[in-house]
Amino acid sequence: MGEISHFDAILIGGGHNGLTCACYLAQAGLRVGVFERAPQVGGAAVTEEFHPGFRNSAAAYTVSLLHPKVVRDLSLGQHGLRVVERPMANFLPLDNGDCLRMGSTAADVRAEVARFSARDAERLPIYQQMLGRVAAMLRDLAARTPPNVGGGLVDLLAALRTANEVRGLDMPARRDLLDLFTKSAGGLLDAWFDAAPLKACFGFDAIVGNFASPYAPGTAYVLLHHVFGEVNGVRGAWGHAIGGMGAITQAMRREAERLGVAIFTAAPVAKVNVVRARACGITLDDGRDFQGRCVISNVNPRLLYLQLLDAALLDADFLRRMHAYQCASATFRMNVALCELPRFDCAPQPGSHHGAGIIMAPSLEYMERAYADARAHGWSRHPVIEMLIPSTLDSTLAPEGKHVASLFCQHFAPQLPEGRDWDAERDRAAELVIDTVTRYAPNFRASLIARSVLSPLDLERRFGLVGGDIFHGTLTLDQLWAARPVLGYGAYRAPIEGLYMCGSGTHPGGGVTGLPGMNAAREILRDWRRLKR
């Protein structure tokens with residue numbers, strides 16, 4: 001039997017959103033083909049063995065934002081996905097030998113915060129209620145298609161529905177919503193709390209994958225973006241997928257194959273073919289052509305519009321805005337194999353803190369200096385680091401008695417000054433990261449068996465993360481909701497008939513959520529039914 005060359009829908013990019021979209025389309029009866037340039041599907045959510053016997057998530061490294069509807073609809077649990085919660089939310093070692101432990105219960109957290117500030121402990125539940133109230137509204141919006149500015153009656157009604165939901169909030173909630181969309185995370189947290197460690201714990205979420213100072217306007221929204229999620233029904237919790245992040249995308253692949261989706265790996269797409277102003281298929285790097293009634297892109301919008309399409313097909317204003325589309329997260333990613341657990345000065349014995357998100361950035365001021373450093377010198381001389389040790393929760397990742405750790409580091413500028421090159425500077429930066437962790441856990445350097453290092457340039461080359469941007473576009477007000485990626489094309493439809501977008505460069509943005517893929521599939525099927533009629 002020959003290779004299938006004609007599909008109802010062609011997906012470019014086999015990351016988690018592309019697989020999600022493919023599954024929903026196949027469930028509706030469409031013939032779907034997924035084309036992935038890497039040897040395996042999964043995009044940035046893959047697990048790999050980086051040293052004999054040691055496996056870990058390669059890029060994306062923790063679970064919370066994966067939407068429960070996607071988990072149910074794609075039967076991910078039946079395909080082997082299992083997520084376990086962290087035993088402790090966060091652990092912050094401090095320079096004075098103390099630490100902040102954000103435990104698993106509200107009572108534990110409040111008692112811990114009271115050690116630093118009784119006033120903060122009293123205000124903490126109020127802050128969490130405020131954040132939860134706004135997050136609940138935005139969680140609902142995240143699973144809906146934004147109204148397309150300049151669209152028809154349906155878009156107008158969608159905009160009115162959203163406006164009515166905002167009107168339904170009381171005035172304090174409206175003020176909170178405005179604060180979270182416009183203020184800096186630092187300004188917001190300074191108004192709520194006194195203790196620097198507590199503000200650092202919450203403020204870290206505002207700079208994850210965000211090349212910005214925590215005092216930059218708009219960073220409060222990035223903080224909010226990271227509390228949308230849940231693990232096993234617990235809202236705001238974070239967890240680990242047994243087997244690493246690849247367990248998510250491999251479960252998606254199994255569901256896609258069960259539904260008859262054709263998956264092509266090691267199949268980089270060279271261009272989207274357009275005939276009579278309508279997308280009608282793709283050409284691969286090896287010259288093979290595949291026809292499709294529609295084409296759906298799961299790659300960064302800049303890659304789609306500036307590399308895979310003929311510029312003559314797009315109007316000048318759209319092209320100008322695509323060239324200006326901001327992508328930069330200043331992320332430096334490492335995996336390390338360890339012969340023993342880190343022994344922190346403040347907590348040297350094994351404990352639940354080793355299963356937490358371990359944040360090495362003791363204050364908002366520290367984070368602000370890290371950003372300023374990166375702007376001036378290319379990377380932070382005192383970087384912000386979150387370390388996870390997933391082998392404390394998952395024995396499949398390392399040999400018995402040994403461990404793997406993920407290091408997610410900020411800020412490391414995508415473009416280095418003075419003509420310096422990331423290929424030449426990668427190891428120097430990695431040494432700095434190791435030194436920084438060793439400052440808090442003196443045995444860390446001596447415990448290293450092996451390491452795997454990804455600079456911002458490596459993240460771009462390997463995973464298509466332009467500028468190393470884990471979100472496929474910064475989460476700023478001008479690149480959110482109906483303006484993601486460009487105002488007028490926020491409803492997953494491209495400016496070319498039959499061409500759609502389903503990646504993190506569309507609403508609601510980055511993270512392993514599955515929501516762009518789910519939302520895009522809904523709009524594609526709406527158009528599909530209209531065409532059939």
Side-chain angles (χ1 to χ4, degrees), residues 89-90 92 94 100 102 109 113 116-138 141 166 169-228 236 326 328-331 357 359-376 380 382-384 386 410-411 471 473-481 483 508-511:
N90 290 113
L92 275 80
L94 303 175
L100 175 69
M102 300 297 279
V109 171
V113 171
F116 296 87
S117 167
R119 177 179 177 271
D120 286 359
E122 291 174 5
R123 290 179 65 80
L124 182 60
I126 306 168
Y127 170 80
Q128 290 172 326
Q129 289 168 10
M130 177 276 293
L131 209 58
R133 187 168 59 242
V134 176
M137 176 187 165
L138 295 180
L141 288 178
V166 174
L169 300 174
D170 60 23
M171 188 53 71
R174 293 185 200 178
R175 291 168 181 154
D176 292 335
L177 184 66
L178 181 64
D179 286 348
L180 286 161
F181 267 89
T182 59
K183 286 188 174 181
S184 73
L188 181 80
L189 292 167
D190 285 342
W192 274 93
F193 302 115
D194 298 324
L198 181 64
K199 290 188 283 187
C201 180
F202 292 148
F204 172 75
D205 282 342
I207 65 163
V208 171
N210 186 22
F211 191 19
S213 159
Y215 286 97
T219 49
Y221 172 78
V222 184
L223 182 156
L224 179 65
H225 185 85
H226 284 92
V227 301
F228 280 0
Q326 293 297 305
S329 65
T331 296
I359 299 172
M360 283 159 271
S363 68
L364 295 175
E365 289 71 25
Y366 179 103
M367 298 178 192
E368 186 173 35
R369 288 195 299 273
Y371 170 70
D373 251 6
R375 290 297 302 266
S380 312
H382 299 284
V384 178
E386 182 180 38
Q410 301 276 127
H411 292 287
F471 294 143
T474 55
L475 299 177
T476 49
L477 269 178
D478 62 320
Q479 294 187 177
L480 288 177
W481 199 44

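We use all heavy atoms of the structure for the numbers below, so side chains are in, but hydrogens, waters and symmetry mates are not. Bear in mind that the values here come from a model prediction, so they are computed numbers and not experimental data.
Of all the heavy atoms in Phe202 and Leu223, the pair that sits closest is O-CD1, 3.5 Å. Between Gly510 and His225, the shortest heavy-atom distance links the atoms O-NE2, 2.9 Å. Taking each heavy atom of Trp192 and Arg119 in turn, the nearest pair found is O-NH1, 3.7 Å.
A donor-acceptor pair under 3.5 Å is absent between the side-chain atoms of Tyr221 and the main chain of Ser184, judged by distance alone. Remark: side-chain polar atoms of Ser380 are not paired, donor with acceptor, to backbone N or O of Asp373 under 3.5 angstrom. Looking only at distances, no side-chain donor or acceptor of Gln479 sits under 3.5 Å from a matching main-chain atom of Gly509. For the pair His411 (side chain) and Ile207 (backbone), a donor-acceptor distance under 3.5 Å is absent.
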Q: Tell me, with the steps shown, if Leu138 and Phe181 meet side chain to side chain contact (heavy atoms under 4.5 Å, CB included).
A: CA-CA 11 Å; Leu138 295 180; Phe181 267 89; 3.7 Å; yes
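The distance from the OG1 atom of Thr219 to the CG atom of Asp205 is 11.5 Å, given to the nearest 0.5 Å. Note: Leu141 CG to Leu480 CG = 12.0 Å, rounded to the nearest 0.5 Å. Taking CE of Met130 as the start and CZ of Arg175 as the end, the distance is 14.0 Å to the nearest 0.5 Å. Separating the CD atom in Glu365 from the CZ atom in Arg369 is a distance of 7.0 Å, to the nearest 0.5 Å.
Side-chain atoms of Cys201 and Leu100, non-hydrogen and from C-beta on, do get closer than 4.5 Å to each other. With a 4.5 Å cut-off on side-chain heavy atoms, Asp179 and Val134 do not count as touching.
Taking the six-membered ring for Trp and thresholds of 30 and 60 degrees, Tyr371 and Phe211 have ring planes more than 60 degrees apart, a perpendicular arrangement.
Under the ring pair (Phe, Tyr, Trp, His ring centres under 6.0 Å) criterion, Phe204 pairs with no residue at all, not counting sequence neighbours.
Inspection of the Asp120 and Tyr127 side chains reveals no N or O donor paired with an N or O acceptor under 3.5 Å.
The environment of CZ in Arg375 is sparse: at most 12 heavy-atom neighbours from other residues, nucleotides or ligands sit within 6.0 Å.
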